[in-house]
Amino acid sequence: MEEYLSQLNEAQLEPTLQKDGPMIIIAGAGSGKTRVLTYRIAYLMSQGVDAFNILSLTFTNKAAREMKERIAKIVGTSEAKNLWMGTFHSVFAKILRFEGHHLGFPSNFTIYDTQDSQKLMGSIIKELGLDKDIYKTKQVYSRISSYKNSLITVKAYMNNPELKEADAMTRRPRMGEIYAEYVDRCFKAGAMDFDDLLLRTNELLTRFPSVLAQYQDRFRYILVDEYQDTNHSQYLIVRALADRFQNICVVGDDAQSIYAFRGANINNILNFQKDYDDVKLFRLEQNYRSTKNIVGAANSVIEHNKTKLDKVVWTANEEGPKVKIHRSLTDGDEGRYVASTIWDAKMQNQLSNSEFAILYRTNAQSRAMEDALRKRDIPYRIYGGLSFYQRKEIKDVISYLRLILNPADEEALKRVINYPARGIGQTTIDRLVVAANGYKRTIFEVLKNIDKVDININSGAKNKLKDFVTLIESFQVMNQTATAFELAEHVVKATGLLREINKEGTPEGVTRLENVEEMLNGIKDFVEGQQEIADTTGNLAEFLEDVALATDLDNEKGDEDAVALMTIHLAKGLEFNHVFVVGLEEDLFPSAMSMNTRSELEEERRLFYVALTRAENQAYLTYALSRYRWGKLVDSEPSRFIEEIDEQFVDNVTPKLERRINPMLSADIFGDVEPNKIRYKPAKQAVLKKPTKSIKQEQTKFQVTTPKNLKRVSATDESNNSNLFDDTLTVGNLVKHIRFGTGEVLKIEGKGADIKAEISFQHGGVKKLLLRFAKLEVIG
DNA sequence: CGTCGTAATCTTTTT
DNA sequence: GATTACGACG
């Protein structure tokens, strides 16, 4: 152990050796936080802590795997095996397999991915007879997802007039019905979506104190990486579990918080010291990754953010080359510049392909890069985007496997009941859904009793349905004895799925056939891999869980030497010798969707900070003057982030271009205006640009619920500017409300996030409004 | 009931 | 530019 600890500097050693009590490590980019986490776990074990009692939550499963391997090298494989390590989602999915029965879920519950959830919501919207142009499935999905991440259950929603009003204001008054039906259908299908894995864990720990006690007792040491990106649901789980022993160590960097869009709450890290007594604070500020020029450039950009902790990231590394900025005419030219630069740099510096990364804001940008790299014969690999398991032919196979394991799985059933075509049409399926809802049974149960139920289906179709049931049941029998691989191999043949794909005879068909083959090989590898580990059996259930929660990063083929292409979000935690950040243009990066509030813009800036700090030696920033978007060539102008970098760190490869003067896009529209005007300024800007943007459905923040057995924490929501607003609204103010018109403020009560105002409106009488939800304009 | 062609909508970011 | 939704036709 000593030998390993000698690899740490003093700042890293201190938190590593801090064994007990709550602690927070504020770790700047490239400061070696993974190393600290790894050695800290090894150290705990060397001090006699049982691996069984350590829970370590990481941001990707890949990170967990790598840490585990490194720990195994220090303490031995058999010891490290008992560590609980993984993402929130995968760790709590495992726990829910054991404990889900308390909540009425089978242990083999299905995990719905985004596609499944959205399809289900789509059909619910249709069943309820709602206008799909108003109730857009994607928006409904993200709305419900945010409720769940804020722990707003259906019941809580129904009891919350503010929320209902917010939805009514966006012309979706029946959101609650959709939400209720969705939850109900998931439950009946024995399915949990991604958010449920956290929400249901919270439900489990709150409703069943004995279960909570069991896991509190088990996880005596808890470590959470990337704490700045935890959402409220995750926050509560950690708090509940750590409550007994308070041996909680969180690591993070507020400057790298980039997941607010999926509910991450930066206040979790900002307020950590208030949550526990005697919190030890450690800072890791020395960057070991990047050159002085890169660190300097990144620091000068992040300076523009107002919401941040005090932290000075510095480096003792060499100066290095300056950050290169390059302008091109089109996105195609941009790609060619990147490809030729990689080519040259490889030759000059003897670098391998895998030392290069191309990072972009949106997945769609990968195409131009791919084309250019392919022309130069530079091997590359795209991460993210449509992952392997999302492809149609793969999802089809998986759906069969899911259905075998959990016949209640409605989405899987609907997907495969007529693929390959068996003459079971849409009308038949619709009638089945109606019947299943009527009988309060699953579709599969209705199918099994198709002769007994009251349903308008002709006998020909009924026979086809019976055949389908027989087919699935034969698979279920086989699953009793066969391995997952044998079963999957049989399924693709027996269902005619292989034949169906073979029939196409197109090049795409060949690719899809190869994909299915690769999938089968994957199952084989998995089964063999699992069989080596004694306490797992390599069965179908484990494989499906792995698939549902695997990210593209997890399927790393270690042996290939290729340039990495990915979104900046996916690049978090990674590092590369040379990094290209492409598409640095207004409306793309920062994204056009993120310029309505300062907090959104600041998140974009943090994203840019993350991108820059991925580079060890050389960073390139590129932009194009026009680019294909939605199939059309669109003019663009350089991103404000380029200007924000201090000149001394920059080398303009192409002559610098002045940004066109556009007051609407000027860098500090959120700057030093009077506080009470802040919330309107962006809205007006949006109205002028595109009227549709003024309706900001996604912006409404939720009242956050805290279980009574936990300490109440400050829920002040910086991102909503409510604190600015609260100070300015006083009794006697005249205000304007979007629905109630003008009114006079009678009373102000409450604190922080719960601050309320009693207002007498000309139309609508006296109302009590939560200020963070009510969109009020002060007019006098 | 199934298939093929056209129309509409789409783009943030992910577990 | 690509995927999906829907309508006409076999």
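Every chain is numbered from 1 and lettered A, B, ... according to where its sequence line falls, protein lines coming before strand lines.
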Of all the choices, [options], which nucleotide is nearest to the side chain of [X] once you look at every atom?
X         : options                   : answer
Thr567(A) : dA2(C), dA5(C), dT14(B)   : dT14(B)
His89(A)  : dT15(B), dT12(B), dG2(B)  : dT15(B)
Asn363(A) : dT11(B), dG2(B), dT13(B)  : dT13(B)
Asp133(A) : dT14(B), dT11(B), dT9(B)  : dT9(B)
Trp630(A) : dT13(B), dT15(B), dT11(B) : dT11(B)
Met593(A) : dT12(B), dG2(B), dT15(B)  : dT12(B)

Q. Which sits closer to the 5' end of DNA chain B, Arg422(A) or Ile258(A), going by the nucleotide each is nearest to?
A. Arg422(A)
**Q.** Residue closer to the 5' end of DNA chain B, Lys136(A) versus Gln426(A) (nearest nucleotide)
**A.** Gln426(A)
Could you tell me whether the phosphate oxygens of [N], OP1 or OP2, come under 4.0 Å of any side-chain nitrogen or oxygen in [X]?
X         : N       : answer
Arg367(A) : dA2(C)  : yes
Asn61(A)  : dT15(B) : no
Ser90(A)  : dT15(B) : no

Nearest whole Å is fine: how far is [N] [atom2] from [X] [atom1]?
X         : N       : atom1 : atom2 : answer
Leu574(A) : dT14(B) : CG    : P     : 13 Å
Lys395(A) : dT4(C)  : NZ    : P     : 12 Å
Asp193(A) : dT14(B) : CG    : P     : 18 Å
Ile568(A) : dT14(B) : CD1   : C1'   : 14 Å
Arg361(A) : dT12(B) : CZ    : C1'   : 5 Å
Met566(A) : dT15(B) : CE    : P     : 12 Å
Asp430(A) : dC6(C)  : CG    : P     : 12 Å
Ile134(A) : dT9(B)  : CD1   : P     : 13 Å

With a 4.0 Å cut-off on heavy atoms, is [X] in touch with a base, just the backbone sugar-phosphate, or nothing at all?
X         : value
Lys132(A) : sugar-phosphate
Lys138(A) : sugar-phosphate
Tyr628(A) : nothing
Leu588(A) : nothing
Asn231(A) : nothing
Arg629(A) : nothing
Lys464(A) : nothing

(Q) I need the Asp331(A) CG to Met369(A) CE distance, nearest 0.5 Å. (A) 7.5 Å
Q. Can you name the closest pair of heavy atoms from Asp409(A) and Tyr112(A) and give their distance?
A. OD1-CE2, 3.4 Å
Q. Would you say Phe261(A) stacks on dT13(B), if stacking means ring centres under 5.5 Å apart and planes within less than 30 degrees?
A. yes
Q | Cation-aromatic face contact Arg415(A)/Tyr419(A), 6.0 Å, 45 degrees | A | no
Q: Check the angle between the aromatic planes of Phe589(A) and Phe608(A) and answer parallel, tilted or perpendicular using the 30° and 60° thresholds.
A: perpendicular
Q: Specify whether Phe105(A) and Phe187(A) have parallel, tilted or perpendicular ring planes, treating 30° as the upper limit for parallel and 60° as the lower limit for perpendicular.
A: perpendicular
Q: Establish, from distance only, whether the side-chain atoms of Asn265(A) and Asn231(A) form a donor-acceptor pair under 3.5 Å.
A: no
**Q.** Glu411(A) and Arg402(A) ion-paired at < 4.0 Å
**A.** no
